[in-house]
Amino acid sequence: MGEKTEKITIRVSSDTAERLRLRAEAEKTTVTALLTEVAERDPRLELAAARFRELQKSGLVEEFAAAFPDEEPDAGAASGARAA
């Protein structure tokens with residue numbers, strides 16, 4: 001297991017939980033693996049990532065960062081981070 005994982009808690013109905021357990025058992029996998037697969041193939045996640053990559057290429061991200069330096073969520077993680 002090379003990738004670091006995080007534990008999250010979700011709430012589902014008892015019926016949904018049972019269906020998840022049965023499906024995981026039938027597919028010889030885990031409920032975690034089922035939910036991870038569904039989350040990772042959600043097109044909304046890829047669309048958001050693609051849009052962000054477009055914004056990075058356009059220079060708008062850097063423009064926003066320069067205009068609103070206190071609004072950057074994590075300047076240290078950005079490839080173009082600059083010292084204040």
Side-chain angles (χ1 to χ4, degrees):
M1 213 186 237
E3 188 176 346
K4 183 180 177 187
T5 62
E6 289 187 37
K7 182 178 180 177
I8 63 169
T9 301
I10 63 167
R11 294 188 185 280
V12 296
S13 70
S14 328
D15 291 342
T16 299
E18 182 61 18
R19 288 195 325 265
L20 283 167
R21 281 191 288 274
L22 290 172
R23 181 170 173 181
E25 185 179 316
E27 294 183 20
K28 296 184 180 12
T29 189
T30 64
V31 170
T32 296
L34 286 176
L35 294 175
T36 300
E37 179 185 340
V38 169
E40 288 179 349
R41 73 172 182 236
D42 185 330
R44 293 172 294 185
L45 296 176
E46 183 49 40
L47 290 173
R51 180 66 182 128
F52 183 73
R53 286 191 295 272
E54 286 174 26
L55 286 171
Q56 282 183 310
K57 288 179 190 174
S58 74
L60 292 175
V61 173
E62 288 78 14
E63 217 174 286
F64 180 89
F68 302 98
D70 295 335
E71 300 299 322
E72 281 191 276
D74 186 4
S79 59
R82 35 185 110 67

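This is a predicted model, so every value here is computed, not measured. Excluded from the calculations below are hydrogen atoms, water molecules and symmetry mates; all remaining heavy atoms, backbone and side chain alike, are included.
- In this structure, the side chains of L35 and L20 come closer than 4.5 Å at one or more pairs of heavy atoms.
- With sequence neighbours excluded, no residue satisfies side chain to side chain donor-acceptor pair (under 3.5 Å) with R11.
- Rounding to the nearest 0.5 Å gives a distance of 10.5 Å between CD of E37 and OG1 of T30.
- Legend: residues meeting side chain to side chain donor-acceptor pair (under 3.5 Å) with T16, ordered by chain and number and at least two apart, are S13.
- Annotation: side chain to side chain contact (heavy atoms under 4.5 Å, CB included) contacts of L22 (sequence neighbours excluded): E18.
- By the side chain to side chain contact (heavy atoms under 4.5 Å, CB included) test, E25 pairs with no residue at all, sequence neighbours left out.
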**Item:** Evaluation steps, salt bridge (Lys or Arg N to Asp or Glu O under 4.0 Å), between E54 and R51
**Value:** CA-CA 5 Å; E54 286 174 26; R51 180 66 182 128; 3.3 Å; yes
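- Scanning for side chain to side chain donor-acceptor pair (under 3.5 Å) contacts around R19 gives an empty result, with sequence neighbours left out.
- Shown here are the side chain to side chain contact (heavy atoms under 4.5 Å, CB included) partners of I8, two or more places apart in sequence or in another chain: I10.
- Every side chain to side chain contact (heavy atoms under 4.5 Å, CB included) that T29 has, sequence neighbours left out, goes to A24, E27, A33, L34.
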